[in-house]
Chemist: 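Quick one: the structure is below, questions incoming.
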Amino acid sequence: MSDEVLTEEFEVLESIYPEELNRISDRELSLIVEPEEPVYGLSDFKITLRVSYPPEYPDVYPEVALEPIEESEREEDELTAEENRRLLKSLEEIGNENIGMAMTFTLVSHLREQLTVVLLERAERIKRAETEKERRAIEEEEAKTRGTPVTIESFLKWRTAFLAEQAEKKRRQDDDLMKAWTPKEREEARRLTTRMTGRQLFEKGGPQALNLEDAALFEEGTESVDVSMFDRTERGQTAEEEGSGLHLSDSD
């Protein structure tokens with residue numbers, strides 16, 4: 001094609017794309033291309049179509065390249081390698097169908113259509129990724145509130161630790177309570193709280209070691225003695241009465 005014919009095609013393109021087209025030389029141009037339809041979340045997406053025309057054009061397909069626009073600095077504003085490959089292949093196919101004719105306008109129109117398709121697919125992938133991210137976040141949050149499933153082994157382990165903790169707590173409370181007591185009172189309280197059960201007495205000394213009082217008060221299953229219920233006043237009065245009792249001699 002003569003330079004005059006190519007110049008004529010350039011003039012037509014400049015009238016259609018006055019703002020988008022940049023004439024680099026007599027045989028090369030670049031043109032900013034947008035999707036034919038806006039895509040949600042990617043409405044500002046644009047690319048640059050660069051076309052170089054060999055002397056044999058339009059009897060041969062021109063050299064075509066897709067580039068990001070110069071002012072773009074975000075990675076999401078660029079085509080991926082796969083998207084770029086797909087678009088160039090599609091352009092070549094449509095170009096070969098128009099060999100022998102001025103095809104730049106056809107290439108631009110086809111690129112806009114295919115760019116819309118590519119961006120819709122990208123938007124769908126982004127949406128799926130966001131949905132999957134939300135699903136995982138919900139599952140992680142539910143796992144936190146759901147806790148660890150209870151098994152027999154885990155319950156027994158928890159129960160042993162819980163009882164040990166309660167026993168230690170009770171011991172500290174008793175120690176605090178008995179700090180103001182006399183040594184005799186503390187000894188009496190400890191004796192009561194550590195008295196053996198009926199079964200322990202029986203196993204240790206046989207039936208004779210288990211008197212009626214022990215059987216009635218310390219049968220297995222009876223609640224343990226609470227130090228806080230230990231009546232210091234009553235114990236003191238009992239001791240005084242025992243000490244002040246009358247002792248009559250045989251001669252009287």
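Throughout, numbering of the chain's residues begins at 1 and tracks the sequence.
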Chemist: Ile24, Tyr53: one ILVMFWY side-chain cluster at the under-4.5 Å cut-off?
Modeler: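 No, no single cluster joins them.
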Chemist: What closest approach, in Å, do Pro68 and Thr48 show between heavy atoms, and which atom pair accounts for it?
Modeler: O-OG1, 4.0 Å
Chemist: With distance as the sole criterion, is a donor-acceptor pair present between the side chains of Tyr61 and Glu93 under 3.5 Å?
Modeler: no
Chemist: For the atom pair CG (Leu87) and CG (Leu91), what is the distance rounded to the nearest 0.5 Å?
Modeler: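 So the gap between those two atoms works out to 6.5 Å.
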Chemist: Could you give the distance from CD (Glu36) to OG (Ser109), rounded to the nearest 0.5 Å?
Modeler: 8.0 Å
Chemist: Is there a side chain to side chain contact (heavy atoms under 4.5 Å, CB included) between Ile47 and Leu111 once you walk through the steps?
Modeler: CA-CA 10 Å; Ile47 59 173; Leu111 177 59; 4.2 Å; yes
Chemist: Answer whether the closest heavy-atom distance between the side chains of Leu115 and Leu79 falls below 4.5 Å.
Modeler: yes
Chemist: Just wondering, more than 12 heavy atoms not from Glu8 lying within 6.0 Å of its CD?
Modeler: no
Chemist: Using a strict 4.0 Å threshold on nitrogen-to-oxygen distance, state whether Lys89 and Glu92 make a salt bridge.
Modeler: no
Chemist: Provide the closest heavy-atom pair for Arg27 versus Pro54 in the form atom of the first, atom of the second, distance.
Modeler: NH1-O, 3.4 Å
Chemist: Thinking salt bridges, do Lys157 and Glu153 make one under a 4.0 Å N-O criterion?
Modeler: no
Chemist: Is any side-chain heavy atom of Leu13 closer than 4.5 Å to a side-chain heavy atom of Phe105?
Modeler: yes
Chemist: Is there a side-chain contact between Thr131 and Arg128, using heavy atoms and a 4.5 Å cut-off?
Modeler: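 In short, these two side chains do not touch, never coming nearer than 4.5 Å.
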Chemist: Identify whether the distance between the nearest side-chain nitrogen and carboxylate oxygen of Asp174 and Lys170 falls below 4.0 Å.
Modeler: yes
Chemist: Is there a path from Ile16 to Val64 through hydrophobic residues (I, L, V, M, F, W, Y) whose side chains come within less than 4.5 Å of each other?
Modeler: yes
Chemist: Would you check if Asp26 and Leu6 make a side-chain contact, meaning some heavy-atom pair closer than 4.5 Å?
Modeler: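 In short, these two side chains do not touch, never coming nearer than 4.5 Å.
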Chemist: Step by step, work out the side chain to side chain contact (heavy atoms under 4.5 Å, CB included) result for Tyr57 and Thr104.
Modeler: CA-CA 11 Å; Tyr57 176 84; Thr104 308; 3.5 Å; yes
Chemist: Return yes when atom CZ of Arg136 has more than 12 non-hydrogen atoms of other residues, nucleotides or ligands closer than 6.0 Å, and no otherwise.
Modeler: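 No, CZ of Arg136 has 12 or fewer neighbouring heavy atoms, counting only those of other groups under 6.0 Å.
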Chemist: In the hydrophobic clustering that connects Ile, Leu, Val, Met, Phe, Trp and Tyr at side-chain heavy-atom distances below 4.5 Å, which members other than Phe155 occupy its cluster, ordered by chain and number?
Modeler: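 Joined to Phe155, directly or through intermediates: Val150, Ile152, Leu156, Trp158, Phe162, Leu163.
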Chemist: Measure the NE2-CD distance between His110 and Glu97 for me, rounded to the nearest 0.5 Å.
Modeler: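 Atom-to-atom, His110:NE2 and Glu97:CD are 8.5 Å apart.
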Chemist: Pair Asp175, Arg171 - check salt bridge (charged side-chain N to carboxylate O under 4.0 Å, His left out), show working.
Modeler: CA-CA 6 Å; Asp175 288 345; Arg171 185 192 65 77; 2.7 Å; yes
Chemist: Please determine whether a side-chain nitrogen of the Lys or Arg among Lys133 and Glu130 lies less than 4.0 Å from a carboxylate oxygen of the Asp or Glu.
Modeler: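 No, Lys133 and Glu130 are not salt-bridged.
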Chemist: What closest approach, in Å, do Pro62 and Ser52 show between heavy atoms, and which atom pair accounts for it?
Modeler: CB-O, 3.3 Å
Chemist: Please identify which of these residues, Glu78, Glu67, Glu34, meets the salt bridge (charged side-chain N to carboxylate O under 4.0 Å, His left out) condition with Lys46.
Modeler: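 Looking at Glu78, Glu67, Glu34, the match for Lys46 under the salt bridge (charged side-chain N to carboxylate O under 4.0 Å, His left out) is Glu34.
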Chemist: Report yes or no: do Thr151 and Ser154 form a side-chain donor-acceptor pair below 3.5 Å?
Modeler: yes
Chemist: For the side chain of Thr116 and the backbone of Glu37, is there at least one donor-acceptor N/O pair under 3.5 Å apart?
Modeler: yes
Chemist: Do you reckon Ile99 sits in the same ILVMFWY cluster as Val51, going by side-chain contacts under 4.5 Å, direct or chained?
Modeler: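 The answer is yes; both residues are in one hydrophobic cluster.
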Chemist: Using atom types as modelled and distance alone, determine if a side-chain donor or acceptor of Glu20 lies under 3.5 Å from a backbone N or O of Val33.
Modeler: no
Chemist: One thing to verify: whether Glu83 and Arg125 come together as a salt bridge, which I'm taking to mean a side-chain N less than 4.0 angstrom from a carboxylate O.
Modeler: yes
Chemist: How far does NZ of Lys169 sit from CZ of Arg172, to the nearest 0.5 angstrom?
Modeler: 8.5 Å
Chemist: Any idea which heavy atoms bring Glu28 and Phe10 closest together, and the distance?
Modeler: N-CZ, 4.1 Å
Chemist: Within this structure, what is the CD-CD distance for the pair Gln166 and Glu168, rounded to the nearest 0.5 Å?
Modeler: 11.0 Å
Chemist: For a quick test of reading the model, state the closest non-hydrogen atom pair linking Val108 to Leu31 and the distance between them.
Modeler: CG1-CD2, 4.2 Å
Chemist: Can you see which heavy atom on Gln114 is nearest to which on Ser90, and at what distance?
Modeler: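 What the structure gives for the nearest pair is CG-OG, 3.6 Å.
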Chemist: Using a 3.5 Å distance criterion without hydrogens, assess whether the side chain of Ser15 forms a donor-acceptor pair with backbone atoms of Val12.
Modeler: yes
Chemist: Enumerate the salt bridge (charged side-chain N to carboxylate O under 4.0 Å, His left out) contacts for residues 100-121, please, sequence neighbours excluded, ordered by first and then second residue.
Modeler: Arg86-Glu121
